[in-house]
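Just below is one structure, and these are the notes that go with it.
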Amino acid sequence: MTRRVDGYALGTFSDGSGGFAGLVAGDRVLRLEGAGTVRDLLDDWETTRNELPELAAALSSGGGIPLAELTVQAPVEPRQIIQAGANYRSHVAEIVLSSREADDTRSDEELRCDAERMMDDKARTASPFFFSGLPAAICGPDDDVLLPAESSQVDWEVELTAVIGKTAHRVPRERAMEHVAGFTVCNDVSARDLQFPAEHRPLGGDWIRAKNRPTFLPTGPFIVPTEQLADYRELEITLDLNGERKQSDVAANLLFDVEALVAAVSTATTLHPGDLILTGSPAGNGGKWQRWLQPGDVLEAGISGIGVQRNTCVPEPR
């Protein structure tokens, strides 16, 4: 697909002879010779971030490789993937409405109001819900998504994703963004009918079989540094299925914002450069529409100012 970057971003690219870290500005890519991988660049993010503006300025005046001639790969190989669940107001309200008990006589509006009060209380007094992902699930922003034969309810969830640029442990909220290098796009693909099997329900969800299959985490196209975005809260997050808009929201509607997520995760574990924090998905996934992914479906997950993925669904080879 045709891509162009306003300002500059980091990515991983292939010219057919191997992958390399690159700086993309406009529709050109500068191969960062000797830089190693994007994770290597993030390991020394303070130096990297200070060098990028000058490199981008030189690239804008000519040189580099046309972006259209390269394959765009997932921008980084993280050590860890942390995922926040039920973290958009619209999504939580959707869950409350869809899980209404048969004897609940409240109207939809009453349910929504009660859900809003519950979310306000949670944001003040409770903590985010997290689960972990596996790097093996990552694929590129243009790769096929493999649909497993044992699932008939494969779902989508577009998510704004924070990329860590500085080791973080017990970081207070007010310093959290110092540890975020930038943002990318992820699509948390999930096999819903494998997520809560009856045999395992007392123990919780089966996150491996449901969410961590090969290609179940399309990532990218690029990592846009925080200084290239005026305010992440203004970013529009969308997902189209075969050209039809299914998800649309803005990051301002996160129940727990990026600062809160970084602070909470870093209290529980140590975050390292290149790690990903998926911030949750808005309302409008397949469960809401009762529409599950099928071979031939095309997913376009995008975030304004960051980029768009385009993944085609195909049967997983047996």
Side-chain angles (χ1 to χ4, degrees), residues 1-45 47-60 62-79 81 135 137-144 158-165 180-187 215 217-229 232 235 237 272-278 299-311:
M1 66 182 302
T2 301
R3 291 190 172 100
R4 181 181 179 84
V5 172
D6 294 328
Y8 57 85
L10 281 175
T12 299
F13 307 89
S14 174
D15 59 4
S17 61
F20 61 89
L23 174 71
V24 55
D27 60 359
R28 311 286 294 185
V29 175
L30 177 65
R31 187 177 187 133
L32 298 176
E33 301 285 356
T37 67
V38 168
R39 199 171 83 186
D40 292 330
L41 293 169
L42 292 166
D43 279 335
D44 189 16
W45 182 239
T47 299
T48 300
R49 79 190 313 163
N50 291 328
E51 294 174 347
L52 293 182
E54 184 176 349
L55 291 171
L59 182 57
S60 65
I65 309 166
L67 177 56
E69 294 181 5
L70 299 172
T71 298
V72 181
Q73 301 179 339
V76 66
E77 294 183 11
R79 296 174 177 89
I81 301 170
I138 288 178
C139 70
D142 302 315
D143 290 342
D144 291 341
V158 59
E159 306 201 24
L160 173 69
T161 299
V163 183
I164 298 300
V180 177
F183 292 94
T184 191
V185 185
C186 282
N187 185 357
T215 74
L217 195 63
T219 301
F222 312 118
I223 298 170
V224 177
T226 54
E227 53 266 30
Q228 290 289 294
L229 300 167
Y232 77 82
L235 299 177
I237 297 144
H272 299 280
D275 287 353
L276 303 180
I277 300 180
L278 279 66
L299 292 161
E300 292 182 299
I303 299 178
S304 60
I306 299 178
V308 178
Q309 310 171 348
R310 192 175 192 273
N311 304 94

Spatial distance of atom CZ (R28) from atom CG (L23) [nearest 0.5 Å]: 13.0 Å
Please report the C-alpha distance between V158 and L299 in whole Å, then the side-chain angles of each, then the deciding distance to 0.1 Å, and finally whether the side-chain contact (heavy atoms from CB on, under 4.5 Å) criterion is met. CA-CA 10 Å; V158 59; L299 292 161; over 6 Å; no
Are the side chains of L10 and L32 in touch, meaning some heavy atoms are under 4.5 Å apart? yes
Between V24 and F13, does a side-chain contact (heavy atoms from CB on, under 4.5 Å) hold up when you go through it step by step? CA-CA 10 Å; V24 55; F13 307 89; 4.2 Å; yes
Report the C-alpha distance between V72 and L67 in whole Å, list the side-chain angles of each, state the deciding distance to 0.1 Å, and finish with yes or no for side-chain contact (heavy atoms from CB on, under 4.5 Å). CA-CA 8 Å; V72 181; L67 177 56; 4.0 Å; yes
When you compare the side chain of V76 with that of T184, does any pair of heavy atoms fall below 4.5 Å? no
May I have the step-by-step check of side-chain contact (heavy atoms from CB on, under 4.5 Å) for V163 and F183, ending in yes or no? CA-CA 6 Å; V163 183; F183 292 94; 5.9 Å; no
R31: what forms a side-chain hydrogen bond (donor to acceptor under 3.5 Å, both in side chains) with it, not counting sequence neighbours? D15
Check whether R79 reaches the backbone of P273 with its side chain - one donor and one acceptor, N or O, closer than 3.5 Å. yes
Pairwise distance CH2(W45) to CD1(I164) - rounded to 0.5 angstrom: 12.0 Å
Salt bridge (charged side-chain N to carboxylate O under 4.0 Å, His left out) partners of R310, counting only residues at least two apart: E300
Closest non-hydrogen atoms of L52 and Y8, given as atom of the first, atom of the second and distance, are CB-CE1, 3.7 Å
Rounded to the nearest 0.5 Å, the CZ atom of R3 sits from the CG atom of D142 at a distance of 4.0 Å
Can you sort out the partners of D40 under side-chain contact (heavy atoms from CB on, under 4.5 Å), two or more places apart, ordered by chain and number? T37, D43
If you take all heavy atoms of P141 and G220, which pair is closest and at what distance? CB-C, 4.0 Å
Residues in side-chain contact (heavy atoms from CB on, under 4.5 Å) contact with T47, at least two apart in sequence or another chain: D44, E51
From CG (L70) to CZ (F20), nearest 0.5 Å: 4.5 Å
What distance separates S304 OG from D6 CG, expressed to the nearest 0.5 Å? 11.0 Å
From T215 atom OG1 to D144 atom CG, the distance as rounded to the nearest 0.5 Å: 8.0 Å
Among residues at least two apart in sequence or on other chains, which ones pass side-chain contact (heavy atoms from CB on, under 4.5 Å) with S14? T71, Q73
For P78 and G274 the tightest heavy-atom approach is CB-O, 3.1 Å
What heavy-atom pair brings C186 and T219 nearest, and what distance separates the two atoms? SG-OG1, 3.5 Å
Residue that, paired with I81, satisfies side chain to side chain contact (heavy atoms under 4.5 Å, CB included) out of I138, T161, D275: I138
A21: partners by side-chain contact (heavy atoms from CB on, under 4.5 Å), with sequence neighbours left out: V38, L41
Considering non-hydrogen atoms only, spot the tightest contact between G64 and L59 and give its length. CA-CD1, 3.8 Å
Would you find a donor on one side and an acceptor on the other, under 3.5 Å apart, between the side chain of R39 and the backbone of E77? yes
Do V29 and E69 come close enough that some side-chain heavy atom pair is under 4.5 Å? no
Show the nearest heavy-atom pair for residues P75 and G11, with the distance to one decimal. CB-CA, 4.3 Å
